[in-house]
Amino acid sequence: MSGPNTLTATEIAKQIDAGTLTAEAVIRAHLERIDKRDADVLAWSHLAREAALERARLLDRGPRKGLLHGVPIGVKDIIDSFDQPTGYGSPIYKTHHPLADAATVAFARDAGAILLGKTVTTEFANRHPGKTRNPHNPAHTPGGSSSGSAAAVADWQVVLATGTQTGGSVIRPAAFCGVYGYKPSFGHFPVAGMKANTEWLDTIGAYARSLDDIALFRAALMAIPHRPIAKLDTPPRIAVCFTPHKDELQPEGIAAIESAAAKLAKAGAKVSEYVMPQEMVTMREGQRTLSAFEGPRAAADEARRFYELLSKSFQEDKLAAGAKIDYATWVAARKLGERGRAAVDATFSDIDVILTAPAPGEAPLGLERTGNATFNLLWTYLWMPCVTLPFSRGPAGLPVGIQLVGRQHEDATLLDIAGWVKGALQ
């Protein structure tokens with residue numbers, strides 16, 4: 001397959017600059033791909049065909065707008081857009097039209113991006129699945145809750161897309177769909193205009209089909225100068241971490257980490273086993289406590305006025321579960337996170353990056369659930385930057401990824417290391 005929809009954002013920008021490609025041609029190619037494939041993938045909750053084409057024609061008349069000039073993006077439908085409906089994955093908001101763009105949408109548009117549409121989210125970015133299918137096999141989950149964004153990028157229906165992660169909803173779908181997923185350090189991408197889930201954990205993230213595009217998109221979404229991925233002077237120090245939940249990994253998940261570690265050591269990396277601070281052992285429960293406690297608060301109005309329109313899983317997993325957690329338990333979970341962040345940060349005096357699993361293995365069969373988030377919760381809770389790289393295939397022929405976790409606030413360094421890892425594995 002070839003065509004403008006198979007190009008990376010970096011390639012699109014270069015070709016538009018050179019005058020060998022137009023933004024309108026890029027949008028038309030993506031719309032053709034969507035028409036051909038989306039009946040199987042179901043990645044979109046809203047598609048802005050004419051508005052995207054009109055925007056492309058305007059950009060083609062010049063001048064150059066910014067880093068993402070002419071690049072189509074998808075935005076998870078938990079994030080507001082002033083000119084497109086935002087439904088938050090709930091029938092409560094089926095006619096909702098925000099008055100303003102979320103900060104990340106505004107920054108992307110200011111950089112020249114074209115908002116192709118809104119991608120499917122689970123209900124309020126929680127567990128209740130949306131309609132999206134895995135583009136590699138529609139009988140398997142694409143992950144959650146940023147399912148539409150990951151699937152659309154994987155299926156060449158859009159170049160870049162945003163997601164959100166409270167537990168594992170950026171990293172896991174990226175692994176299941178076989179694309180690059182990036183969850184920045186907590187707070188790096190502004191969350192203004194995003195429907196809150198758990199304010200102490202919610203993180204907007206990004207999807208792309210190349211690491212260079214992740215770096216480009218990161219700069220646009222933070223409104224900072226673009227710094228391309230740099231070449232390392234020396235191989236990194238890599239610590240392998242299976243977490244205390246290794247027994248939940250599938251054989252292909254274990255094999256991916258072990259194989260990657262061996263190849264990276266052969267390429268010159270100093271590979272060691274991660275010595276996990278004691279504070280990290282119970283952090284999965286800490287993350288779940290924070291998320292559950294804030295459920296009844298984030299959805300207070302919906303629970304009061306539209307309870308019958310909430311899914312059973314939301315009623316039970318968020319509202320009922322959250323009501324059982326008292327203030328002291330919530331405070332203890334907050335303090336555990338603070339201690340854990342300090343303990344983990346201290347370990348980076350001896351390592352540069354953590355190599356771990358982004359999911360138990362390949363995407364499981366069935367669409368009733370979005371997969372196990374165990375291997376994401378820990379790092380979200382610790383506010384650490386994470387990036388998923390496609391690596392291998394599982395027994396059903398579906399993608400299996402690896403995850404790199406960096407030191408908090410050192411996201412650019414993490415992407416540099418990910419570039420070295422990608423090259424070493426190739």
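This is a predicted model, so every value here is computed, not measured.
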Between the side chain of [X] and the main-chain N/O of [Y], is any donor-acceptor distance below 3.5 Å?
X    : Y    : answer
Q287 : W379 : no
T8   : E11  : yes
E273 : V240 : no

Determine whether more than 12 heavy atoms belonging to other residues, nucleotides or ligands lie under 6.0 Å from atom [atom1] of [X].
X    : atom1 : value
R369 : CZ    : no
D233 : CG    : no
W200 : CH2   : no

Return each pair, listed once, that meets salt bridge (charged side-chain N to carboxylate O under 4.0 Å, His left out) where at least one residue sits in [range]; pairs must be two or more places apart or across chains.
range            : answer
residues 379-408 : D345-R407
residues 182-198 : K195-E302
residues 350-365 : R237-D352
residues 286-296 : E285-R288

Applying side-chain contact (heavy atoms from CB on, under 4.5 Å), name anything that partners [X], two or more places apart in sequence or on another chain.
X    : result
K14  : T10
P251 : none
S259 : K263, F391
P390 : Y180

Taking the side chain as every heavy atom from C-beta outward, state whether [X] and [Y] have any atom pair closer than 4.5 Å.
X    : Y    : value
Q408 : L382 : no
V387 : L211 : yes
P129 : E368 : no

Examine the side chains of [X] and [Y] and answer whether a donor and an acceptor come within less than 3.5 Å of each other.
X    : Y    : answer
Y274 : T347 : yes
S146 : K76  : yes
D101 : S81  : no
S210 : D212 : no
T356 : Q403 : no

Problem set entry | Salt bridge present between E248 and R284 (N-O < 4.0 angstrom) | yes

For this session: May I ask you to decide whether R64 forms a salt bridge with D17, counting only side-chain N to carboxylate O separations under 4.0 Å?
Result: yes

Exercise. Would you call the rings of Y327 and W330 parallel, tilted or perpendicular, where under 30° means parallel and over 60° means perpendicular?
Worked result: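 Ring orientation of Y327 relative to W330: tilted.
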
For this session: Drop me the distance from L249's CG to I257's CD1, to the nearest 0.5 angstrom.
Result: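 If we round to the nearest 0.5 Å, L249:CG and I257:CD1 are 8.0 Å apart.
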
side-chain hydrogen bond (donor to acceptor under 3.5 Å, both in side chains) with [X]: which residues, sequence neighbours excluded?
X    : value
R209 : none
T141 : none
Q165 : T380

Tell me which donor-acceptor pairs under 3.5 Å the side chains of residues 409-416 have, and how far apart each pair is, sequence neighbours excluded?
{"from": "H409", "atom 1": "ND1", "to": "H188", "atom 2": "NE2", "distance (Å)": "3.0"}
{"from": "D411", "atom 1": "OD1", "to": "S185", "atom 2": "OG", "distance (Å)": "2.6"}
{"from": "D411", "atom 1": "OD2", "to": "Y182", "atom 2": "OH", "distance (Å)": "2.6"}
{"from": "D411", "atom 1": "OD2", "to": "S185", "atom 2": "N", "distance (Å)": "2.9"}
{"from": "D416", "atom 1": "OD1", "to": "R227", "atom 2": "NH1", "distance (Å)": "3.2"}
{"from": "D416", "atom 1": "OD1", "to": "A230", "atom 2": "N", "distance (Å)": "2.8"}
{"from": "D416", "atom 1": "OD2", "to": "R227", "atom 2": "NH2", "distance (Å)": "2.5"}

Exercise. Is R109 positioned over the aromatic face of F107, cation under 6.0 angstrom from the ring centre and no more than 45 degrees off axis?
Worked result: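 R109 over F107 ring: no.
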
